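Just so you know, residue 1 is the first one in the sequence shown, and it goes up from there. Everything quoted here is computed from the prediction, not taken from an experiment.
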Amino acid sequence: MSHPPTLNWLDAPRDDSGVEMFDETSHTYRTYTELAGAALRIAGGLVARDVPRGAVVPLLCSPGPDLVAAFYGVQAAGCVVSVLAPPTRMSGEAARAHVRAVVEAVEAGTVLVDAGQYAYAVDVLAGTGRDVRVLRLEELLAGDPGRRDPAELALVQFTSGSSGRPRGVRVSHAALDANTCAIRDWEQAGPEDSWCSWLPMHHDMGLIGCLVVPVSGNNRLAVCRPETFLRHPLAYLSRFDANRVERPATITATPAFGLQRIVDKVGHADLEGADLSRTRAVIVGAERIDPVLVARFTELTRPHGLSPRTLTPAYGLAESTLAVTGVPVEETPRAVVVHRDALRVGAEVSLADGATERATVQVMSCGRALDGLAVEVVGEDGAPLPEGHVGELAVSGSSVADGYLAGGSAGGTSFRAGRLLTRDVAFRLAGEFYVLGRLGDSVKVHARSLFAEDVELMLARAGLNPSRICVVLGEADGSPHAVAVLEELDARAAEVAEDVLATVCPGTRRHVARVPRGAIPRTSSGKSRRRQLWQRLSQEHAFDGVPAATDGPA
């Protein structure tokens, strides 16, 4: 029986390495030998219960060792896994509806859960109208090990859906193996490297980057729940301190929001005596990276041994399994300043030398294409553009997924003629890619493109909490509009937002909306659903009730 490389660890698991789940006060740990045994018993249980080979098995499980065993157990049974977000205290009907939608989309006949999710799963799935069997891990773990030839597909990864309805991405074992290998090569990962992660295991960055990549190499992995990180980020950061833990973590990944949380909640006094010098790579992706934030994080951690070269900006998306580009490890990330007025698809960027913030935007490099991938910047006609021109990122190569599940919504990111058209706008300089934002989150003003991410960065630099703001852009009544939505922020924050919009968004009708906490719709990974928010504002005719400022027709 031939196994994909990402499953090879099941045949030779390390007893001196494993997976740990921790919070501020407790931890559980299981060796890879134990996890491999559990995975094969889960596989045997699925086979014994006649779950068809190639069937998609949604997995609803709390993060930690059990989820790792179940993820690989499903694949070892020759089935396809799809990891669902476990419910939290904040979960409502939208989370329940998402579970039902996934189960229906993959036509699941079996859902695998841990003991803590059993009652929730039974209750939620009662409303599907499907005959869905809910199996508990504990039942399968009590049986004998088993295994079948792997299916062609490894997993169905549901996109975060920041610009539209979440879609199921079909990731083959070949694509998963290729991206895992490319990431490990890029990170220069060795057998003694150790990962630490707070990312959700149902999201591509946490699942691939901080579960599949370390586990496939038998590398030690420490995981905390996202709630633990948000509440007490020092508990996470301490795992990199050689003076506090015997085997400090050397590699991690986070969206820029994670860096923001650390600099907001952790001070120099908290890190007194810390030794962070063993950390080799802090992969930063999933959203636009503010060079000012990078400078703040560096100022906090460099006195404690963390090299600025440790920060490794990257770009990726679920449709390419995960990673597409990355700054090489041990290289200092580059940033360039460009004139805003030149930012439009098809145009050449204009580099600036110390110009005012009103006229410029600072953009950080997301590095070069990873092994096995070809990345191009293309124009509106799909043809490649010369270096230094703004266009859409198009990706091809071994890590690109097999497409979407049947019935995936049209529009947005798409697969066409062997290429993945990402809808992300970028330019290339000296072989490195600089990502500006999404086409769907931008608006044209005076023939230039204005990006929501750019406006949000300027609001954050003005002192507004980035986790409580969302900028949406669009056309209404023949005019471009820019709306800053402030979640539970005061009148002074609204004044700041008005000033920033006036500076950054000339030529638009500008609005500031103050809304209650929780009113900004978000994905399971915490990103704002900008298109959904724009549609809601439009449908509710919110622009009629929000004061608008303008400086003339666009």
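- Taking 4.0 Å as the cut-off between side-chain N and carboxylate O, R136 and E139 count as a salt-bridged pair.
- In the displayed structure, H27 atom NE2 is contacted under 6.0 Å by at most 12 heavy atoms of other residues, nucleotides or ligands.
- Annotation for T325 and V375: closest pair CG2-CG2, 4.3 Å, computed over non-hydrogen atoms.
- Interatomic distance, T422 OG1 to L393 CG, rounded to the nearest 0.5 Å: 4.5 Å.
- Using a distance-only test at 3.5 Å, with no hydrogens or angles considered, a donor-acceptor pair links the side chain of E456 to the main chain of V471.
- For the pair C470 and L533, the minimum side-chain heavy-atom distance is below 4.5 Å.
- Distance alone, capped at 3.5 Å, places no donor-acceptor pair between the D264 side chain and the R261 backbone.
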Practice problem: I would like to know whether S238 and R244 meet side chain to side chain donor-acceptor pair (under 3.5 Å); could you show each step before the answer? | Solution: CA-CA 7 Å; S238 296; R244 296 195 188 189; 3.1 Å; yes
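- Between F229 and W198, the two ring planes are parallel [angle under 30°; tilted spans 30° to 60°].
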Quiz item: Should V213 and W195 be marked as a side chain to side chain contact (heavy atoms under 4.5 Å, CB included) after you check the CA-CA gap, both sets of side-chain angles, and the distance that decides it?
Solution: CA-CA 9 Å; V213 170; W195 270 251; 3.7 Å; yes
Quiz item: After noting the C-alpha distance and the side-chain angles of D290 and R461, does the key distance pass the salt bridge (Lys or Arg N to Asp or Glu O under 4.0 Å) rule?
Solution: CA-CA 9 Å; D290 186 357; R461 288 187 185 182; 2.6 Å; yes
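- Side-chain N or O atoms of D402 include none that pairs as donor or acceptor with a backbone N or O of L153 at under 3.5 Å.
- Judged by distance alone, the side chains of D23 and S26 do bring a donor and an acceptor atom under 3.5 Å apart.
- Remark: side-chain polar atoms of D114 are not paired, donor with acceptor, to backbone N or O of D66 under 3.5 angstrom.
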Practice problem: Please assess Y72 against L40 for the test side chain to side chain contact (heavy atoms under 4.5 Å, CB included), listing each intermediate value before the final yes or no. | Solution: CA-CA 8 Å; Y72 285 97; L40 295 177; over 6 Å; no
Exercise. Go through the steps for L7 and R147 under the test side chain to side chain contact (heavy atoms under 4.5 Å, CB included), then give the verdict.
Key: CA-CA 12 Å; L7 296 181; R147 198 163 185 175; 4.0 Å; yes
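- The backbone N or O of G190 sits less than 3.5 Å from a side-chain atom of D193, completing a donor-acceptor pair.
- Here the closest non-hydrogen pair linking M205 and G285 is CE-N, 3.7 Å.
- Not one N or O on the side chain of S320 forms a donor-acceptor pair closer than 3.5 Å with the backbone of L322.
- Across all their heavy atoms, L67 and L59 have their closest contact at O-CD2, 4.0 Å.
- For the pair L486 and R468, the minimum side-chain heavy-atom distance is 4.5 Å or more.
- The shortest distance between side-chain heavy atoms of V294 and P333 does not fall below 4.5 Å.
- Here Q260 contributes atom CD and N465 contributes atom CG; the two are 7.5 Å apart, rounded to the nearest 0.5 Å.
- For the residue pair S399 and N179, a side-chain donor N or O sits within less than 3.5 Å of a side-chain acceptor on the partner.
- Contact detail for V57 and C79: the closest heavy-atom pair is CG2-CB, 4.1 Å.
- The environment of CZ in R231 is crowded: more than 12 heavy-atom neighbours from other residues, nucleotides or ligands sit within 6.0 Å.
- Counting only N and O atoms by type, the side chains of S17 and N218 include no donor and acceptor under 3.5 Å apart.
- Judged purely by atom type and a 3.5 angstrom limit, R148 has no side-chain atom pairing as donor or acceptor with the backbone of G78.
- At least one side-chain heavy atom of E432 sits less than 4.5 Å from a side-chain heavy atom of R334.
- With T279 contributing its side chain and L276 its backbone, the two residues share a donor-acceptor pair below 3.5 Å.
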Practice problem: Any chance you could lay out the side chain to side chain donor-acceptor pair (under 3.5 Å) test for S82 and Q157, step after step, and finish with the verdict? | Solution: CA-CA 6 Å; S82 185; Q157 174 70 47; over 6 Å; no
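- A 4.5 Å side-chain heavy-atom check between F297 and L311 finds at least one atom pair inside the cut-off.
- Note that the CZ atom of F433 and the CZ atom of F427 stand 11.5 Å from one another [nearest 0.5 Å].
- Taking both residues in full, the closest heavy atoms of V156 and G168 are given as CG1-CA, 3.9 Å, listed atom of the first, atom of the second, then distance.
- Using a cut-off of 4.0 Å between Lys/Arg side-chain N and Asp/Glu carboxylate O, R184 and D371 are scored as not salt-bridged.
- Residues P58 and V103 approach most closely at CG-CG2, 4.3 Å, considering heavy atoms.
- Between the side chain of R100 and the backbone N or O of A95, no donor-acceptor pair lies under 3.5 Å.
- With values rounded to the nearest 0.5 angstrom, L60 atom CG is found 10.5 Å from H202 atom NE2.
- Ion pair R309/E331 not flagged as a salt bridge, since none of the NZ, NE, NH1 or NH2 atoms sits closer than 4.0 Å to an Asp/Glu carboxylate oxygen.
- Atom CD of E152 has 12 or fewer heavy atoms from other residues, nucleotides or ligands within 6.0 Å.
- To the nearest 0.5 Å, atoms CZ (R239) and OG1 (T252) are separated by 12.5 Å.
- The residues R280 and E187 are annotated as not salt-bridged, no charged nitrogen and carboxylate oxygen being separated by less than 4.0 angstrom.
- Residues Y29 and V19 are not in side-chain contact: their nearest non-hydrogen atoms beyond the backbone lie 4.5 Å or more apart.
- Side-chain contact between T301 and F240 is absent, with no heavy atoms from C-beta onward closer than 4.5 Å.
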Practice problem: Tell me, with the steps shown, if L405 and V106 meet side chain to side chain contact (heavy atoms under 4.5 Å, CB included). | Solution: CA-CA 8 Å; L405 290 177; V106 301; 3.8 Å; yes
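- Using modelled atom types and a 3.5 Å distance limit, the side chains of T159 and E319 yield no donor-acceptor pair.
- Side chains of Y32 and D16: a donor-acceptor N/O pair is absent below 3.5 angstrom, by distance only.
- Using modelled atom types, no side-chain atom of T228 and backbone atom of C224 make a donor-acceptor pair closer than 3.5 Å.
- The CD1 atom of I183 sits 8.5 Å away from atom CD1 of I283, with the distance rounded to the nearest 0.5 Å.
- With no hydrogens or angles considered, no side-chain donor-acceptor pair links H232 and E227 at under 3.5 Å.
- Put simply, the side chain of L137 does not reach to within 4.5 Å of the side chain of Y118, judged on heavy atoms.
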